[in-house]
Amino acid sequence: MAVKVRKPRVRNTTTDGIKAVFASGLIRLALLLPYRTRIRLFGWLVATVGGPLLGWKRRVRDNLALVMPELPKDEVERIATRVCNNAGRTLIEIYSGEEFLRHVTGTPIAGPGAAALEQGMAEGRRMVLVTAHLGNYDVIRGELSRRGLQIAAIYKPMAIQAFNQHYVDAISAISEPVYPVDRAGVSNLVRHLKSGGSIGIVADVNSLRGSVLSFFGQPAHTALSAAEWTLKYDALMIPVFGVRQKDGLSFRIHVEEPVAAGTPEEMMQRYNDVVEKVVRDNCDQWFWIHRRWKHKRGKKVAV
């Protein structure tokens, strides 16, 4: 199993408490604003203040220089700003709970795999929905749960205890069940799939225990868990993405064709290829802030 599980490092120091109060207070103040205003405001705050202070814009530039060095400097800066803007919007959307769900109700579902997804829902098939940090992936959980598909998901606990509970409450309001990335949480996720349910996995992150596959032509450690569980429990593996629209507030759910059965490496390489295609079409919505291309020196790509 390629999912890395470990006991979350939870801190509860005075300094962390102050940070939690400040962050929670900022979010609570934003929630007093009208929905559209708060989304735009948080996008602007992260793009102009948070992104530069946290070094996010620098990391976006570094990643783009690695995989798309041909991009003009002004385009790189535009993408860096909009990536941070999308991150801010996504954060406050998640914390908007029921308002967020009401806003995205009726989000259209389209793409070459939409019919397969609808058929899988109608037939009650086990499904492994693989997505990426693009647009807002919680649109998928929210809209599909409204249509009757219960999707179990996992999350990475935040280090600050007080803020973590706020976060868990927020993502649980969008759709349940959600489990932490620890041994018990992953076991519950797999049990949900084994019992005939569907699960959602955000698989576009570095996983040193995964296989070294290719992503944007560069070696990238990729967890094989989604493919392994798909094969083990005779599920349908479907890439699906919550793509933000030009107004910055609405979305469409883009569904790619199901990933054909093969070796776990072949299936996850197909996933990487699909993610790359969708990212290239929506370059300013992917979370280029991640350290996606961490790999051991001299390690060869497995495909």
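These figures come from a predicted structure and were not determined experimentally. For this chain, numbers begin at 1 and follow the sequence in order.
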#### Entry: Residue pairs fulfilling side chain to side chain donor-acceptor pair (under 3.5 Å) with at least one residue in residues 230-242, sequence neighbours excluded
none
Least distance between heavy atoms, [X] atom then [Y] atom:
| X | Y | answer |
| --- | --- | --- |
| Gly135 | Phe251 | C-CE2, 4.5 Å |
| Gln150 | Glu176 | CG-O, 3.5 Å |
| Leu213 | Glu265 | CD1-O, 3.9 Å |
| Met237 | Pro239 | O-CD, 4.0 Å |
| Ser145 | Ser175 | CB-OG, 3.6 Å |
| Leu231 | Gly262 | CD1-O, 3.4 Å |

Neighbour count above 12 (heavy atom, 6.0 Å) for [X] [atom1]:
| X | atom1 | answer |
| --- | --- | --- |
| Glu77 | CD | yes |
| Arg252 | CZ | yes |
| Arg280 | CZ | yes |
| Arg78 | CZ | yes |

About how many Å separate [atom2] of [Y] and [atom1] of [X], when rounded to the nearest 0.5 Å?
| X | Y | atom1 | atom2 | value |
| --- | --- | --- | --- | --- |
| Met121 | Leu149 | CE | CG | 5.0 Å |
| Arg291 | Asn206 | CZ | CG | 10.5 Å |
| Leu117 | Arg125 | CG | CZ | 12.0 Å |
| Leu66 | Leu64 | CG | CG | 9.5 Å |
| Asn85 | Trp44 | CG | CH2 | 11.0 Å |
| Leu101 | Arg141 | CG | CZ | 9.0 Å |

### Task
Provide the full list of ring-ring contact (aromatic ring centres under 6.0 Å, His included) pairs with a residue in residues 176-198, sequence neighbours left out, each pair given once.
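Listed by first then second residue: nothing to list.
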### Message
Listing request: all ring-ring contact (aromatic ring centres under 6.0 Å, His included) pairs with a residue in residues 109-154, at least two apart in sequence or in separate chains.
### Response
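Residue pairs with at least one partner in residues 109-154: His133-Tyr137, His133-His290.
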Quick check: does any side chain N or O of [X] sit under 3.5 Å from a backbone N or O of [Y], one acting as donor and the other as acceptor?
| X | Y | result |
| --- | --- | --- |
| Arg126 | Leu193 | yes |
| Glu266 | Thr263 | yes |
| Arg89 | Arg40 | no |

Does any non-hydrogen side-chain atom of [Y] lie less than 4.5 Å from one of [X]?
| X | Y | result |
| --- | --- | --- |
| His221 | Arg209 | no |
| Ile201 | Thr131 | no |
| Glu123 | Gln119 | yes |
| Tyr155 | Pro180 | yes |
| Trp229 | Leu189 | yes |
| Val278 | Leu134 | yes |
| Val259 | Ile238 | no |
| Val128 | Leu236 | no |

### Message
The test is side chain to side chain contact (heavy atoms under 4.5 Å, CB included); show your working for Ile109 and Leu144 and say whether it passes.
### Response
CA-CA 10 Å; Ile109 300 176; Leu144 292 184; 3.7 Å; yes
Exercise: do [X] and [Y] side chains pair donor with acceptor under 3.5 Å:
| X | Y | result |
| --- | --- | --- |
| Arg59 | Asn63 | no |
| Ser214 | Asn272 | no |
| Asp169 | Ser172 | no |
| Asn188 | Arg191 | yes |

Hey, quick one: are [X] and [Y] part of the same hydrophobic cluster, counting side-chain heavy atoms closer than 4.5 Å, chains of contacts allowed?
| X | Y | value |
| --- | --- | --- |
| Leu54 | Trp286 | yes |
| Val49 | Val46 | no |
| Ile140 | Val205 | no |

#### Entry: Arg270/Asp273 salt bridge by N-O under 4.0 Å criterion
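Judged by the 4.0 Å cut-off on N to carboxylate O distance, Asp273 and Arg270 do not form a salt bridge.
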### Task
May I have the step-by-step check of side chain to side chain contact (heavy atoms under 4.5 Å, CB included) for Cys84 and Lys57, ending in yes or no?
CA-CA 7 Å; Cys84 292; Lys57 284 192 172 182; 3.9 Å; yes
### Message
Please identify which of these residues, Val255, Asn282, Asp281, Val274, meets the side-chain contact (heavy atoms from CB on, under 4.5 Å) condition with Phe241.
### Response
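Checked Val255, Asn282, Asp281, Val274 against Phe241; only one passes side-chain contact (heavy atoms from CB on, under 4.5 Å): Val274.
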### Query
Please walk me through it: do Met68 and Leu71 pass side chain to side chain contact (heavy atoms under 4.5 Å, CB included)?
CA-CA 6 Å; Met68 287 194 283; Leu71 288 178; 4.0 Å; yes
With sequence neighbours excluded, residues passing side-chain contact (heavy atoms from CB on, under 4.5 Å) with [X]:
| X | result |
| --- | --- |
| Leu31 | Ile27, Arg38, Ile92, Ser96 |
| Pro112 | His254, Glu256, Glu257 |
| Thr90 | Asn86, Glu93, Ile94, Asn136, Arg244 |

### Geometric cation-pi criterion Arg292 and Phe215, 6.0 Å radius, 45° cone
yes
### Phe100 and Ile174: CA distance, side-chain angles, deciding distance, side chain to side chain contact (heavy atoms under 4.5 Å, CB included) verdict
CA-CA 8 Å; Phe100 173 62; Ile174 295 173; 4.1 Å; yes
